[in-house]
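Reviewing the structure listed below.
When a ligand or atom number is given, it counts from 1 through the structure's own listing order.
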Amino acid sequence: MDFQQVFGKPPETQAKAPGRVNLLGEHTDYYDCFVLPTAIPQCTTVQLGFSSDGQHHFYSENLNEQVNILDINHTPSGFASYIFGCIEVLQKAGYIIPSLCVYVKSSVPMGSGLSSSAALEVATLRALRQLLNLPIDDVEIAQFAQQAEIQYAGVQCGIMDQMASSLADTEHILFLDTRTLERRVMPLPNNAEILVIDSGVPRTLASSGYNQRRAECEEAARSLGVKALRDITDVNVTKALTQPLQRRAHHVVTENNRVLEVLQGVTSERFGELMNASHASLRDDYEVSVPALDKLVEILQKTEGVFGARLTGAGFGGASVALVRSRQSKGIATHVLEQYNQAGYNGRILVPSLGLSDAA
Ligand code: GLA
C-alpha cells in the first residue's frame, strides 16, 4: 500500500530523516553533558497530504496500521503518538496545522536503540516545514522533536537523538554539547569503521527504567548542589553520595570525561578502550545492560580487528556498537554472530546496512 492507495491521491510533499548510533556519551545527555553520535544509513520517510474530512489520518507501512485521530484531546499510542506529538508541539508554539494525511515508512530498526522515534519525529517535522513553509531551522526541529517525545511519548529523554537525526551525517561524528547545543563534526578515527549488531533482545524505553535513572541522577545533582552532573569533573566528588546514586553519578562523570578525552584527539586504539570502559560503566554503575548485550560485547571485544565495543542507546536490550578496522566489519560480524548465536541468542548485523535498509 502506498500513499495513493491509502488516501486516494498523491502526497503533497515528503521528507526523510536518519536513525543514529551513539559512539560515546551514553545516558549523559539529560545531565547537560557531551555526546558523540553519528547518523546511520537507515531512514524514515514521511509523506504528507491535506485531509478533507477535518481529521488527521496516519498510516504506517511497516505496521500496516492506520490511526484516525477522532478526538484531538486524546493522545494516540504507538507510532501515531510521535506524529501527533509533533503536530501538537507546533500548534502550541503558535503554528496553525491543518488536518493531515500522513504516510510513514522506515528502514530504521525499531526497539534496537537506534532512535527510530527521533527519525520519525524529525522526518515529520521536516515534512511539515516543507508543506507549510514553517520558519524553523534544524536545531528548532530537534527541539520540537524532543518536546514531542517527552510530552506525547512519555520518555523524559535528552536531546541527543533528535539533534543527531536532524544534524548528523553518516560520514562524521557529531560532537554535541547538550547544554549549549554547540557542536562540531569530527572525522571517524583513522582506519576505522562502525559495526552495529542487534542483540535480538528488544527494549522498551519508557518502561525500562530510563525515567527512573534520570530521577536518581537529578537527586544526585541536588545532593551535590550542582545544576546538573555535567558540572562535576572530579569523580571523587561522587563519593559523598549514598548508593545507588553514587554508582549512577560515577557513570555520568566518568563517561563525560571519556567524551572529552576523544575531543583532544585519540587513536582508534584509545577510542576503542574508552568504548570498552563505557560498557563496563553502563553495566556495573548505571546498570542498564542485560546478559545478552554483555555476551555480545564480550565476544566483540575479544575479536581481532575490533578496537572497542559497547552497548549503544538506552540499553535494557537493543544493539551494540563497535569500532573496527576499516573494511573488516562484515567479516568480523560473521565471526561474532556465529559465536553469539551459538550461545543461544539471535543477533543480526544492522550497520553496515545490507542493501535494502537505506531504501526507505
Ligand atoms: C535514549 C534517549 C537519549 C539518550 C539515550 C541514552 O536514546 O532518547 O536522549 O538519553 O537514550 O544515552
Pick out which of D294, T312, D284 makes a side chain to side chain donor-acceptor pair (under 3.5 Å) with H279. D294

Non-hydrogen atom of R20 closer than 4.0 Å to ligand 1: yes

Can you name the atoms of ligand 1, numbered from 1 with element, that are less than 4.0 Å from a heavy atom of A314? 11 (O)

Those atoms of ligand 1 less than 4.0 Å from some heavy atom in M160: 4 (C), 5 (C), 12 (O)

Under a 4.0 angstrom heavy-atom cut-off, which atoms of ligand 1 come close to D161? 1 (C), 2 (C), 3 (C), 7 (O), 8 (O)

Classify the ring geometry of Y210 against Y30: parallel below 30°, tilted from 30° to 60°, perpendicular beyond 60°. tilted

Do we see a donor-acceptor contact under 3.5 Å between the side chains of H250 and Q246? no

Report yes or no: do S278 and R310 form a side-chain donor-acceptor pair below 3.5 Å? yes

Without hydrogens or angle criteria, can the side chains of E216 and Q212 be said to hold a donor-acceptor pair below 3.5 Å? yes

Quick one: which ligand 1 atoms are inside 4.0 Å of a heavy atom on Y30? 10 (O)

Quick note on ligand 1: atoms under 4.0 Å from a heavy atom of G158 include exactly 9 (O)

Between side-chain atoms of residues 133-143 and protein atoms elsewhere (two or more places apart, or another chain), which donor-acceptor pairs fall under 3.5 Å?
{"unit_1": "D137", "atom_1": "OD1", "unit_2": "V139", "atom_2": "N", "d": "3.1"}
{"unit_1": "D137", "atom_1": "OD1", "unit_2": "E140", "atom_2": "N", "d": "2.8"}
{"unit_1": "D138", "atom_1": "OD1", "unit_2": "R129", "atom_2": "NH1", "d": "3.0"}
{"unit_1": "D138", "atom_1": "OD1", "unit_2": "R129", "atom_2": "NH2", "d": "3.1"}
{"unit_1": "E140", "atom_1": "OE1", "unit_2": "D137", "atom_2": "N", "d": "2.9"}

Ligand 1 N/O within reach of N22 N/O, cut-off under 3.5 Å: no

Nearest candidate to atom 9 (O) of ligand 1, where distance is taken over non-hydrogen atoms, out of L311, V35, D29: D29

Give the atom numbers and elements of ligand 1 that come within less than 4.0 Å of a heavy atom of C157. 2 (C), 8 (O), 9 (O)

Hey, can you tell me if H251 and Y286 have their rings parallel, tilted or perpendicular (30° and 60° cut-offs)? tilted

